[in-house]
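Heads up: numbering here begins at 1 and tracks the sequence.
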Amino acid sequence: MIIRKATIEDSESIAKYLLLAMEEIIYKFIGENDAKTAYYFLLHFVEYESNQYSYQNCFVAEENDEIVGAVAVYDGAKLQELRKPVVDYVRLNFNPDFSPENETQSGEFYIDALGVSPNHQGKGIGSQLLQFLIEEFVTQNKQTLGLLVEEGNPGAKKLYLKLGFKAVGVKTLVEKTLEHLQIS
C-alpha cells in the first residue's frame with residue numbers, strides 16, 4: 001500500500017470515503033438525510049480547489065491501483081478562508097442561517113475526516129494513514145495534529161490515544177459535542 005497526495009482524479013473515491021466519516025455532519029449542513037445529495041455535495045467541494053474538503057488537502061491510500069482510504073488535513077489557521085466557499089454554498093442552496101462552529105484553530109493541522117473503504121476496514125489502513133500524517137506533520141515538520149472524535153466512537157478514540165494523541169478539550173460542531181485530541 002502507498003499513501004500519496006491526492007489528485008483531482010481521485011475525487012470520487014475521496015468523496016465516497018470522507019462521507020463515511022462525516023455523513024451525519026454533512027446531513028446537518030444540507031438539512032436532509034439523503035446519501036446521494038450528501039455525496040454530490042461533498043464531491044463538489046473535493047473537486048473544487050481552495051476549500052477544506054478539496055483534493056488539495058487530501059492524502060489517499062492506494063492498494064493494487066485502487067483508492068482504499070482518504071484523509072483531509074489542513075492548517076487550522078486557514079479554517080475561515082477554507083470554509084468560506086462551503087458556508088456560502090450551504091447558505092445559498094440549503095440553509096441561509098448556516099453558521100457552523102470553529103472545529104479547529106491556529107496552531108494545529110486539523111484532520112477533518114478520514115475514511116476507509118468498507119471492503120478494506122479492519123485491515124489497519126486508517127492506522128497507517130494516521131501514522132503517515134504523524135510522521136509527515138509532527139515528526140518531520142514539528143507541527144501539532146488535531147482531530148475531533150465523537151463520544152459514541154470509543155474504538156476510534158482508543159486508536160488515537162494508542163497512536164499518541166491526547167485529549168485537550170471539547171468542541172461543538174453542528175450542535176454535536178466532540179472531544180478534541182492533539183499530538184505534538
Side-chain angles (χ1 to χ4, degrees), residues 1-6 10 13-29 33 35 38-39 42 46 52-53 57-64 66-77 79 82-83 100-184:
M1 184 179 74
I2 63 162
I3 297 173
R4 62 170 173 78
K5 194 83 170 115
D10 303 322
S13 295
I14 293 168
K16 186 169 39 173
Y17 300 143
L18 294 186
L19 188 59
L20 293 173
M22 55 191 300
E23 188 173 48
E24 207 174 305
I25 288 171
I26 298 297
Y27 288 166
K28 291 259 190 185
F29 282 18
N33 293 354
Y39 168 77
L42 195 52
V46 172
Q52 67 194 109
Y53 307 121
N57 296 319
C58 293
F59 291 91
V60 294
E62 189 175 28
E63 193 170 72
N64 301 322
E66 178 190 359
I67 306 294
V68 295
V71 60
V73 59
Y74 52 84
D75 184 348
L79 175 65
L82 293 171
R83 178 184 268 170
E101 304 87 346
N102 292 338
E103 68 237 58
T104 184
Q105 71 277 326
S106 183
E108 76 176 1
F109 275 77
Y110 178 63
I111 302 170
D112 195 303
L114 185 155
V116 174
S117 160
N119 297 336
H120 292 85
Q121 289 177 1
K123 297 179 181 177
I125 293 167
S127 295
Q128 288 179 58
L129 279 164
L130 288 166
Q131 288 168 336
F132 171 85
L133 295 176
I134 292 166
E135 176 63 25
E136 182 82 15
F137 289 93
V138 179
T139 306
Q140 290 181 21
N141 294 301
K142 309 298 182 222
Q143 301 289 341
T144 297
L145 270 176
L147 54 79
L148 300 180
V149 63
E150 293 182 38
E151 292 173 352
N153 195 348
K157 182 178 177 182
K158 184 178 176 186
L159 170 64
Y160 302 143
L161 296 175
K162 181 178 156 194
L163 291 172
F165 284 85
K166 303 214 177 329
V168 295
V170 174
K171 293 206 179 260
T172 303
L173 181 61
V174 289
E175 303 166 4
K176 191 177 199 84
T177 302
L178 304 156
E179 194 162 4
H180 185 199
L181 306 179
Q182 288 183 333
I183 184 171
S184 297

Drop me the distance from Glu151's CD to Leu178's CG, to the nearest 0.5 angstrom.
8.0 Å
Heavy-atom check, side chain of Asp10 versus side chain of Arg4, under 4.5 Å
yes
Looking only at heavy atoms, what is the nearest atom pair of Gly107 and Thr144, with distance?
O-CB, 3.5 Å
Over 12 non-hydrogen atoms of neighbours within 6.0 angstrom of NZ in Lys158
no
Could you label the plane-to-plane angle of the Phe29 and Tyr53 rings as parallel, tilted or perpendicular, counting under 30° as parallel and over 60° as perpendicular?
tilted
Which atoms form the tightest heavy-atom contact between Val60 and Ala6, and what is the distance?
CG1-CB, 4.0 Å
Using atom types as modelled and distance alone, determine if a side-chain donor or acceptor of Asn64 lies under 3.5 Å from a backbone N or O of Glu66.
no
Closer than 3.5 angstrom, by distance alone: can the side chain of Glu103 be matched with the main-chain N or O of Lys171 as a donor-acceptor pair?
no
Side-chain heavy-atom pair Tyr160, Ile183 within 4.5 angstrom cut-off
no
For the residue pair Leu20 and Gln121, establish whether any side-chain heavy-atom pair is separated by less than 4.5 Å.
yes
So for atom CD, which belongs to Glu135, do other residues, nucleotides or ligands contribute more than 12 heavy atoms lying within a distance under 6.0 Å?
yes
Using a 4.5 Å cut-off on heavy atoms from C-beta on, say whether the side chain of Leu129 contacts that of Leu133.
no
Euclidean distance, Met22 CE relative to Leu42 CG, rounded to 0.5 Å
5.5 Å
Rounded to the nearest 0.5 Å, how far does CG of Asn57 lie from OH of Tyr74?
8.0 Å
I would like to know whether Val116 and Lys123 meet side-chain contact (heavy atoms from CB on, under 4.5 Å); could you show each step before the answer?
CA-CA 10 Å; Val116 174; Lys123 297 179 181 177; over 6 Å; no
Heavy-atom donor-acceptor pair, Glu101 side chain to Val174 backbone, under 3.5 Å
yes
side-chain contact (heavy atoms from CB on, under 4.5 Å) between Lys176 and Lys28: does it pass, once the steps are laid out?
CA-CA 10 Å; Lys176 191 177 199 84; Lys28 291 259 190 185; 6.0 Å; no
Could you check whether any side-chain heavy atom of Val138 comes within less than 4.5 Å of a side-chain heavy atom of Phe109, counting everything from C-beta outward?
no
Nearest heavy atoms of Leu18 and Gly115, plus distance in Å:
CD2-N, 4.5 Å
Just so I know, are the side chains of Phe165 and Leu145 near enough to count as touching, which here means a heavy-atom distance under 4.5 Å?
yes
Please name the pair of heavy atoms, one in Ala35 and one in Glu23, separated by the smallest distance, quoted to 0.1 Å.
CB-OE2, 4.2 Å
Do Val73 and Phe137 have side chains that approach each other closer than 4.5 Å (heavy atoms only, starting at C-beta)?
yes
Do Pro100 and Ile25 make a side-chain contact, defined as non-hydrogen atoms from C-beta onward lying under 4.5 Å apart?
no
Would you confirm whether Asp75, through its side chain, and Ser106, through its main-chain N or O, come within 3.5 Å as a donor-acceptor pair?
no
Find the distance between CD1 (Ile134) and CD (Gln140) and round it off to the nearest 0.5 Å.
12.5 Å
Atom pair CE (Met1) and CD (Glu62), whose distance is rounded to the nearest 0.5 Å:
10.5 Å
Would Gln105 and Leu79 count as a side-chain contact (heavy atoms from CB on, under 4.5 Å) here? Give the steps.
CA-CA 7 Å; Gln105 71 277 326; Leu79 175 65; over 6 Å; no
Nearest 0.5 angstrom please: Leu173 CG to Asn102 CG, how far?
9.5 Å
Can you name the closest pair of heavy atoms from Leu163 and Ser127 and give their distance?
CD1-O, 4.5 Å
Shortest non-hydrogen contact from Tyr27 toward Ala38
CE2-CB, 3.7 Å
